[in-house]
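All ligand and atom numbering here is 1-based and tracks the order in the structure.
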Amino acid sequence: MSGNFYIATMGCQMNDYDSDYLAQLLQSSGYKPVEQPNSADLILINTCTVRAKPQQKAYSLLGRMVALKKKKPSLIIGMLGCIAQQEGKNLFKRFPELDLVLGTRELERIEEFLKKIEIDRDRVVATELDRNPRSFAGKNGYYKGRVKSYISIMEGCNNFCSYCIVPYVRGREVSRAPRDIMKEAQHLVGQGVKEITLLGQNVNSYRWNEGEELDFPGLLHKLNRIPGLKRIRFTTSHPKDLSDDLIKCFGELEKLCPHIHLPVQSGSNKILKRMNRGYSRENYLNLVKKLRSARSDMAITSDLIVGFPGETEEDFHLTIDLIKKIGFDNTYSFKYSDRQGTRAENMDGKLPENAKGARLAELQGLQKQITLEKNRALKGCQVDVLVEGKSKKGGQMTGRTGGNKIVNFPSDNNNIGIIVKVVIKDALANSLRGELVQEPAPQAG
Ligand code: SAH
Ligand code: SF4
Ligand code: F3S
């Protein structure tokens, strides 16, 4: 098989990882990547359906790609990821030009399906969810030049938060074998990757018990021992599974970055209950306290939903109050949107769009202020920055602190992939500006 391929990726980091996985498979079987869909023979759209917005984005891109196919009938178009999983063969009815619908656990069969499409000119739909995680299939050189990368350590989710589509489109939780994860980590480090982010919808419920017993803190300990690996991160953790052992890791493992993304969703116990989150506001505050005592420089980020069915002004103000109490470094916040087949879809007390919009604006205004204050508090501090590359601004390099904040600093050095010391001089809403600390030259004699 040969030709040019183009992959468009939307949604969460899991989809970024999946697109990299597919790109490696395709390159290994003779396809070449291209930057523009116009020059592709194969176009894959890796989609997300977690909210209405990413869903619309995927459909509008698919519409444009279908228009390309009208000019170039030999073009093969595939819809992958969470929309593909949910809609299955229905997509062929809406888009008869589509050739492939590939669900979230079927990626490793892509070559087999492409052959079928190319040779038999057949359409293929594959959306089996009850499949084990695929095994590692890295292509040498693929990650060359990248400082950071992802590894998926578990797939699926068993939590069924009442608003969320993910358990329906990613299937039940399954963890990957530790030996497979270690092999992939070593492979990445061998290609020059310095920072690995472990991925899972519910990453901290990782557990392996076939032959060897290993939980998530155990896996972190193993990864921390890999020579050449400089930083470890993970996302996304669920508050209800954040054990004391995991919190202890932040104090013990020198490679584990002092940052956790810990979605709280709401500050009201009534809403948390309706969301089926399995913790209370008080539990969450207690976790934050423990995390900050494990590491005083712990950065905490979160996800929030406003306008969940039944959310009163009082509930919303409990969320605002929680944000102020905790002082998140940053948050991602969304208006609640109905997802087909979820429990919240059928709940009473839906809010009008404008009410949700007003709450979202208030929350985001507050968070912006807090983020800026947090960033300003770093002025004058010395931080460790893993240099990722050249900044868009000329003569500057860019990287991140352990707390995941972007730092730009003037440097003409080629220090990509190195952890440098930077003193923060200025704080903006989304990044910091700093100056390199000049290491004193070694004294002779
Ligand atoms: N596994 C992660 C992330 C899931 S999706 C977790 O458990 O937190 C990412 C975020 O999208 C969620 O944290 C939530 O804030 C948001 N989200 C999910 N479903 C949503 C919906 N129906 N409406 C609005 N936001 C939603
Ligand atoms: Fe969705 Fe909840 Fe699972 Fe996260 S934990 S993926 S929000 S069901
Ligand atoms: Fe979206 Fe699927 Fe990720 S719905 S958030 S791409 S798991």
Side-chain angles (χ1 to χ4, degrees), residues 8-19 45-58 79-87 102-105 107 127 129 150 152-173 198-206 234-242 260-267 271-272 274-279 284 301-309 311 319 328 330-347 350-351 353 356-357 359-360 363-364 367:
T9 309
M10 292 151 210
C12 62
Q13 294 105 323
M14 200 67 90
N15 270 9
D16 291 325
Y17 175 80
D18 286 348
S19 289
I45 308 176
N46 198 358
T47 61
C48 172
T49 184
V50 80
R51 290 173 297 275
K53 241 187 183 167
Q55 185 170 325
Q56 285 151 8
K57 204 171 134 195
M79 194 80 154
L80 327 173
C82 296
I83 296 183
Q85 184 63 48
Q86 198 182 26
E87 295 297 324
L102 196 60
T104 51
R105 296 239 178 135
L107 303 187
T127 52
L129 260 186
Y150 299 119
S152 161
I153 63 160
M154 51 96 62
E155 290 180 17
C157 181
N158 292 347
N159 288 329
F160 290 92
C161 301
S162 61
Y163 51 82
C164 186
I165 197 74
V166 172
Y168 303 90
V169 290
R170 291 274 171 173
R172 293 294 66 72
E173 258 174 49
L198 306 174
L199 296 181
Q201 288 306 335
N202 199 7
V203 75
N204 50 341
S205 68
Y206 175 87
F234 57 84
T235 195
T236 300
S237 319
H238 196 299
K240 76 172 172 49
D241 300 313
L242 185 58
I260 190 164
H261 184 64
L262 195 63
V264 65
Q265 313 297 0
S266 169
I271 297 296
L272 287 171
R274 279 167 74 87
M275 288 177 163
N276 192 32
R277 289 291 289 179
Y279 55 86
Y284 191 91
T301 56
S302 200
D303 289 349
L304 294 144
I305 298 176
V306 299
F308 186 79
E311 185 189 79
T319 301
F328 290 114
N330 213 343
T331 55
Y332 298 91
S333 45
F334 315 98
K335 284 190 280 185
Y336 166 78
S337 94
D338 269 338
R339 299 289 79 200
Q340 206 187 339
T342 59
R343 271 203 290 138
E345 191 193 11
N346 299 315
M347 283 184 185
K350 297 275 171 66
L351 277 92
E353 278 307 303
K356 289 191 272 184
R359 287 182 189 178
L360 188 67
L363 188 157
Q364 290 183 339
Q367 184 58 55

Between R170 and C82, is any pair of side-chain heavy atoms under 4.5 Å apart? yes
Within 6.0 angstrom of F160 CZ, more than 12 heavy atoms from elsewhere: yes
Is it true that Q13 lies under 4.0 Å from ligand 3, counting heavy atoms only? no
Main-chain N/O of T127 paired with R105 side-chain donor or acceptor, under 3.5 Å: no
Show the nearest heavy-atom pair for residues R277 and C161, with the distance to one decimal. NH1-SG, 3.4 Å
Main chain of G341, side chain of E345: is a donor-acceptor contact present, judged purely on distance under 3.5 Å? yes
Looking at K57, I'd like to know if its NZ atom is crowded, meaning that more than 12 non-hydrogen atoms belonging to other residues, nucleotides or ligands lie closer than 6.0 Å. no
Whether T235 side chain and H261 backbone form a donor-acceptor pair below 3.5 Å: no
So the atoms of ligand 2 within less than 4.0 Å of a heavy atom of Q201 turn out to be 6 (S)
In this structure, does ligand 2 have an atom that sits under 4.0 Å from one of the heavy atoms of R170? no
Under-4.0 Å heavy-atom contact with ligand 2, by part of C157 that carries it: side chain
Going by the 4.0 angstrom heavy-atom rule, the piece of F160 near ligand 2 is backbone
Going by heavy atoms in the side chains, are T319 and R359 under 4.5 Å from each other? no
Identify the protein heavy atom lying closest to atom 7 (S) of ligand 2, giving its residue, its atom name and the separation to 0.1 Å. Y163 OH, 3.4 Å
Within the 4.0 Å heavy-atom cut-off around ligand 1, the contacting residues, ordered by chain and number, are V50, R51, Y163, Q201, T236, P263, Q265, R277, D303, I305, F334, K335, Y336, S337, R339
Have Q265 and Y163 got a donor and an acceptor in their side chains that come within less than 3.5 Å? yes
Going by atom types alone, do S333 and Q367 pair a side-chain donor with an acceptor below 3.5 Å? no
Among all protein heavy atoms in this structure, tell me which lies nearest to atom 8 (S) of ligand 2, with the distance rounded to 0.1 Å. C161 N, 3.3 Å
Which N, O or S atoms belonging to the protein are less than 2.8 Å from atom 2 (Fe) of ligand 3? C82 SG
Any atoms of ligand 2 less than 4.0 Å from a non-hydrogen atom of R277? List them with their elements. 2 (Fe), 7 (S)
Any chance the side chains of T49 and Q55 put a donor and an acceptor closer than 3.5 Å? yes
Heavy atoms, side chains only, cut-off 4.5 Å: are K53 and M10 in contact? no
Is a donor from one side chain sitting under 3.5 angstrom from an acceptor on the other, for R274 and S162? no
Are R51 and D303 close enough for a salt bridge, meaning some N to O gap below 4.0 Å? no
Any idea which protein heavy atom is nearest atom 5 (S) of ligand 2, and the distance to it? N159 ND2, 3.3 Å
How does P167 reach ligand 2, if at all, at less than 4.0 Å between non-hydrogen atoms: by side chain, backbone, both, or neither? side chain
Tell me, please, if C164 has any N/O/S atom, main chain or side chain, under 2.8 Å from atom 2 (Fe) of ligand 2? no
